[in-house]
Amino acid sequence: QVQLRESGGGLVQPGGSLRLSCSASGSIFNIYAMRWYRQPPGKERESVAASSVGGATMYADSVKGRFTISRDNAKNTVYLQMDSLKFEDTAVYFCNMEIQATSRWHPATDYWGQGTQVTVSL
């Protein structure tokens with residue numbers, strides 16, 4: 001059983017910063033892509049940032065230059081450093097990992113965290 005747990009959400013003023021963390025636990029053989037998504041109120045879930053196992057990163061245009069994704073493979077953890085936060089960054093943030101559980105013969109599967117609320121407000 002693999003579980004992802006996020007932390008670090010909260011209330012912040014515009015221009016402020018938050019750092020989200022997401023750690024995977026359980027019977028993990030390997031982790032490939034690590035990603036962050038968000039779902040603003042009343043809107044569809046959208047991709048925010050991604051990190052490949054090789055170290056490549058990608059960002060949504062709306063967060064480029066403000067958000068930084070990083071990973072600690074030894075800790076099975078992905079981070080999202082969010083700076084210069086704006087009102088429109090308010091959303092539930094979800095982490096997603098492509099995990100090969102148990103053994104090398106097990107296919108890689110996407111796992112999701114439960115989400116953490118980020119609210120940017122005065």
Side-chain angles (χ1 to χ4, degrees):
Q1 184 80 8
V2 175
Q3 291 185 326
L4 272 58
R5 183 171 297 277
E6 297 125 337
S7 61
L11 174 65
V12 64
Q13 293 186 344
S17 298
L18 282 175
R19 187 193 194 207
L20 306 182
S21 300
C22 175
S23 295
S25 61
S27 182
I28 297 170
F29 179 76
N30 206 354
I31 301 178
Y32 299 99
M34 294 182 174
R35 310 176 184 97
W36 286 97
Y37 290 77
R38 67 185 182 187
Q39 187 164 14
K43 296 184 179 181
E44 298 288 319
R45 190 173 299 188
E46 62 186 20
S47 176
V48 175
S51 171
S52 75
V53 67
T57 57
M58 64 79 66
Y59 297 92
D61 288 342
S62 59
V63 306
K64 279 181 182 176
R66 300 187 298 120
F67 289 12
T68 304
I69 188 171
S70 60
R71 60 193 286 165
D72 185 334
N73 293 323
K75 295 181 178 179
N76 294 335
T77 298
V78 62
Y79 305 95
L80 186 67
Q81 177 66 42
M82 305 186 294
D83 298 319
S84 303
L85 283 161
K86 304 177 180 180
F87 292 118
E88 52 263 41
D89 294 319
T90 295
V92 179
Y93 284 71
F94 299 87
C95 67
N96 166 276
M97 295 188 188
E98 185 182 8
I99 297 175
Q100 188 177 25
T102 308
S103 72
R104 69 180 65 188
W105 294 282
H106 198 279
T109 306
D110 274 352
Y111 291 85
W112 290 87
Q114 79 285 356
T116 185
Q117 177 70 46
V118 172
T119 302
V120 184
S121 180
L122 294 170

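Being a predicted model, the structure only gives us computed values, none of them experimental. All residue numbers in this chain count up from 1 along the given sequence.
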Check: Hey, are the side chains of Gln39 and Phe94 touching, using non-hydrogen atoms and a 4.5 Å cut-off?
Finding: yes
Check: Closest approach of Leu11 and Ser121, non-hydrogen atoms and distance?
Finding: CD1-CB, 3.9 Å
Checklist line | Minimum heavy-atom distance Glu6-Thr116, with the two atoms named | finding: OE1-N, 4.0 Å
Check: Given Tyr79 and Thr68, is the side chain to side chain contact (heavy atoms under 4.5 Å, CB included) satisfied, shown in steps?
Finding: CA-CA 8 Å; Tyr79 305 95; Thr68 304; over 6 Å; no
Next item on the list: Compare every heavy atom of Ile69 with every heavy atom of Met34, then report the nearest pair and how far apart it is.
Entry: O-CD1, 3.7 Å
Next item on the list: Determine whether the aromatic ring centres of Phe67 and Trp36 lie less than 6.0 Å apart.
Entry: no
Next item on the list: Test the Arg45-Trp112 pair against the cation-pi criterion, namely NZ or CZ under 6.0 angstrom from the six-membered ring centroid and within 45° of the ring axis.
Entry: yes
Item checked: Residue pair Leu80 / Met82, side-chain heavy-atom distance below 4.5 Å -> yes
Notebook entry, point to check: About how many Å separate CG of Leu4 and CE of Met97, when rounded to the nearest 0.5 Å?
Noted result: 4.5 Å
Notebook entry, point to check: Do you know the tightest heavy-atom contact between Arg71 and Tyr32?
Noted result: NH2-O, 2.8 Å
Note to self: Less than 4.5 Å apart, side chain to side chain, heavy atoms only: is that true for Tyr37 and Asn96?
What the structure shows: yes
Check: Quick check: does any side chain N or O of Gln100 sit under 3.5 Å from a backbone N or O of Asn30, one acting as donor and the other as acceptor?
Finding: no
Checklist line | Side-chain donor-acceptor contact under 3.5 Å, Ser17 with Asp83 | finding: yes
Next item on the list: Could you tell me whether the side chain of Ser52 and the main chain of Ala56 form a donor-acceptor pair under 3.5 Å?
Entry: yes
Note to self: Measuring only between side-chain heavy atoms, which start at C-beta, is Asn76 closer than 4.5 Å to Ile31?
What the structure shows: yes
Checklist line | Over all atoms of both residues, closest heavy-atom pair of Val78 and Cys95 | finding: CG1-CB, 4.4 Å
Next item on the list: Check whether any side-chain heavy atom of Phe29 lies under 4.5 Å from a side-chain heavy atom of Ile99, and answer yes or no.
Entry: no
Checklist line | Pairwise distance CZ(Arg35) to SG(Cys22) - rounded to 0.5 angstrom | finding: 12.0 Å
Next item on the list: Measure the CD1-CD distance between Ile28 and Gln1 for me, rounded to the nearest 0.5 Å.
Entry: 11.0 Å
Margin query: Does either side chain, that of Thr77 or that of Ser23, offer a donor lying less than 3.5 Å from an acceptor on the other one?
Written below: yes
Note to self: Looking at every heavy atom in both Arg38 and Ala91, which two are closest together, and how far apart are they?
What the structure shows: CB-CB, 3.8 Å
Margin query: Check whether Arg66 reaches the backbone of Ser62 with its side chain - one donor and one acceptor, N or O, closer than 3.5 Å.
Written below: yes
Next item on the list: Look at the side chain of Thr90 and the backbone N and O of Glu88, then say whether any donor-acceptor pair between them is shorter than 3.5 Å.
Entry: no
Note to self: Do Val92 and Leu18 sit in one hydrophobic cluster, given that two such residues count as connected whenever their side-chain heavy atoms are within less than 4.5 Å of each other, even indirectly?
What the structure shows: no
Check: Roughly how far apart are Leu20 CG and Ser7 OG, rounded to 0.5 Å?
Finding: 8.0 Å
Checklist line | Cluster check Tyr111, Tyr93: I/L/V/M/F/W/Y, side chain < 4.5 angstrom | finding: yes
Checklist line | From Arg104 atom CZ to Thr102 atom OG1, the distance as rounded to the nearest 0.5 Å | finding: 13.5 Å
Next item on the list: Apply salt bridge (charged side-chain N to carboxylate O under 4.0 Å, His left out) to Lys64 and Asp61, showing your working.
Entry: CA-CA 5 Å; Lys64 279 181 182 176; Asp61 288 342; 3.1 Å; yes
